[in-house]
Amino acid sequence: MGLEEISTPGRLAEPGEGISQHELALAARNHGMPLEAMRYDVTPPGLHYLLVHYDIPLIEAGSFRLRVGGLVGRELELDMAALQRFAARTVRVTMECAGNGRARLDPRPVSQPWLVEAVGTAEWTGVPLATVLEEAGVDPGAIEVVFTGADHGIERGVEQDYQRSLTVDEALLPDMLLAYAMNGAPLPPQHGFPLRLVAPGWYGMAHVKWLTDITLVDRPFTGFQQATAYRFRQTPDDEGDPVTRIAPRALVIPPGFPDFMSRARVVRPGKVLLQGRAWSGRAPIAAVEVSVDNGQTWAPASVRPDENRWAWQAWAYEWEAAPGEYVLTARATTTDGEAQPVDQAWNRGGFANNAAQQVPVWCVAAL
Ligand SMILES: Nc1nc2c(c(=O)[nH]1)N[C@H]1C(S)=C(S)[C@@H](COP(=O)(O)O)O[C@H]1N2
Ligand SMILES: [Mo]
């Protein structure tokens, strides 16, 4: 494979074009969360989705240092012991990849081919980012905070460290964390060991893993992951709006038991308790509705109140299933009135496609 090939811009699949070996290789490295894991409030270790752009870097906790520099009163270099001496905070956060839903788009953007499973909920423990920024002293001229990971690679011909920024105002929000623990244990290597940013409510790309540098700057950051990737575009040369917070989504825990290849479900006639999760990084979830006829008719589900603002919420709906074929789906609406669509909101990068999930179900007394 030549350098021209790795330098090509993102492309759309031709009509009917299948998943390539390159996409399969991405999908095999970057796994989704098995949907039945939505039964847990907090996703057990190993079941949380995973997305790694380049390689998982090998980092030794003993020699690790977080550098804080740029427009600050004093530069900091903090080892893990220093980070752990600050008062710790734990936040339960549902994280979702901005590309979740991409492979369901038509035309399909060629990239990590997520269906609906790029999500997980963890309890992240660490130092509030604001604590460390206050310790360094943010210069009044600083407008953004740039976060750099230890991983390095090439994307569409651009060699880079993985980097993203937040505005200073966003960065100082109390739930922004420099996390060193996930579900009460040190971060696993693939989730950012020994330190990552956790940006509650934001799509995954903002939560920089293997964080080594925090840099305060006086102009908008224009790195690849900020200005080139993660923009909502209709055409390749459209500047596009940035991808930021998570759009509302409800998912159904697939009921009954699955067919191995198609993952279509089988349920028995009678009462079937449909359950699932709903979340949004924009405004809180106000309602969840369920449909068993692929979105033609909807019924309200009951949503369990949850004091964890950034975590998914459980919902339930009792379905009286009669023999037949069904397509189950659910949709969430936020307190701002933002309703999850049934149809795709298409963009070239395949970001934030929160079109309602479809779960084919056969209701049969016996096979
Ligand atoms: N340094 C670094 N941080 C990163 C990434 C990466 O490739 N490198 N991937 C981002 C993306 S696109 C997502 S969706 C989340 C995934 O986090 P997880 O693998 O812990 O679920 O990490 C983000 N942080
Ligand atoms: Mo992502």
Side-chain angles (χ1 to χ4, degrees), residues 10 26-27 29-34 37 42-59 64 66 91 93-103 109 111-126 146-155 158-166 176-183 185-214 223-226 228-231 242-247 249 281 310 312 349-354:
L26 280 177
R29 285 179 60 80
N30 295 312
H31 65 77
M33 180 194 66
V42 174
T43 312
L47 297 183
H48 193 281
Y49 88 97
L50 181 71
L51 194 295
V52 176
H53 281 237
Y54 313 130
D55 287 353
I56 298 168
L58 179 63
I59 302 180
F64 173 83
L66 172 71
V91 186
V93 178
T94 295
M95 199 185 292
E96 182 179 12
C97 180
N100 201 15
R102 177 183 290 125
S111 184
Q112 167 69 30
W114 297 120
L115 296 165
V116 295
E117 60 293 279
V119 63
T121 298
E123 296 231 303
W124 302 98
T125 301
V146 180
F147 301 90
T148 304
D151 49 332
H152 190 88
I154 315 170
E155 218 160 317
V158 182
E159 186 177 331
Q160 58 191 286
D161 296 327
Y162 188 91
Q163 289 186 304
R164 286 277 311 179
S165 75
L166 292 171
M176 293 280 174
L177 281 190
L178 300 175
Y180 44 74
M182 180 184 192
N183 301 345
L187 297 183
Q190 68 274 28
H191 291 294
F193 182 86
L195 191 71
R196 81 177 301 173
L197 178 66
V198 170
W202 283 69
Y203 277 115
M205 76 282 155
H207 305 234
V208 177
K209 302 194 269 193
W210 313 293
L211 181 65
T212 59
D213 287 87
I214 298 178
F224 182 91
Q225 305 297 342
Q226 202 84 21
T228 304
Y230 299 110
R231 315 277 304 190
V243 177
T244 60
R245 290 173 172 273
I246 302 175
R249 190 195 292 274
W310 305 116
W312 55 25
F351 298 122
N353 175 24
N354 62 342

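We're numbering straight along the sequence, starting at 1. All values below come from the heavy atoms of this structure, side chains included, with hydrogens, waters and symmetry mates left out. Remember, it's 1-based here, ligands and their atoms both numbered in the order they're listed.
- Taking every non-hydrogen atom of Val52 and a distance limit under 4.0 Å, the qualifying atoms of ligand 1 come out as 7 (O).
- Among protein heavy atoms, atom 24 (N) of ligand 1 sits closest to His207 O, 3.0 Å.
- In terms of modelled atom types and a separation under 3.5 Å, the side chain of Arg196 and the main chain of Leu177 share no donor-acceptor contact.
- Residue contact check: His48 has heavy atoms under 4.0 Å from atoms 21 (O) of ligand 1.
- Judged purely by distance below 3.5 Å, without hydrogens or angles, the side chains of Gln160 and His152 never pair a donor atom with an acceptor atom.
- When only non-hydrogen protein atoms are considered, atom 1 (N) of ligand 1 lies nearest to Asp151 OD1, 2.8 Å.
- For atom 12 (S) of ligand 1, the closest heavy atom belonging to the protein is Tyr230 OH, 3.1 Å.
- The protein heavy atom nearest to atom 21 (O) of ligand 1 is Tyr49 O, 2.8 Å.
- Among protein heavy atoms, the minimum distance from atom 7 (O) of ligand 1 is reached at His53 N, 2.8 Å.
- Atoms OH and CH2, from Tyr49 and Trp114 in turn, are 7.5 Å apart once rounded to the nearest 0.5 Å.
- Residue contacts with ligand 1 include Arg196, since one or more of its heavy atoms lies under 4.0 Å from the ligand.
- With contacts defined as side-chain heavy-atom distances shorter than 4.5 Å, the pair Asp213/Phe147 does not qualify.
- Closest to atom 19 (O) of ligand 1, if we only count protein heavy atoms, is Lys209 NZ, 2.6 Å.
- Classification of the His191-His48 ring pair by plane angle, with boundaries at 30° and 60°, yields perpendicular.
- Of all protein heavy atoms, the one closest to atom 15 (C) of ligand 1 is Gly204 O, 3.5 Å.
- Put simply, CZ on Arg245 and CH2 on Trp202 are 6.5 Å apart, with the number rounded to the nearest 0.5 Å.
- Set against the non-hydrogen atoms of Cys97, the atoms of ligand 1 under 4.0 Å away are 14 (S).
- Set against the non-hydrogen atoms of Met95, the atoms of ligand 1 under 4.0 Å away are 17 (O).
- At a 3.5 angstrom cut-off on N or O pairs, Gln190 does not count as close to ligand 1.
- Put simply, the side chain of Ser111 reaches to within 4.5 Å of the side chain of Arg102, judged on heavy atoms.
- Among protein heavy atoms, atom 10 (C) of ligand 1 sits closest to Tyr162 OH, 3.6 Å.
- The shortest side-chain heavy-atom distance between Gln163 and Val208 does not fall under the 4.5 Å cut-off.
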Please step through side-chain contact (heavy atoms from CB on, under 4.5 Å) for the pair Phe193 and Ile56, ending with a clear verdict. CA-CA 9 Å; Phe193 182 86; Ile56 298 168; over 6 Å; no
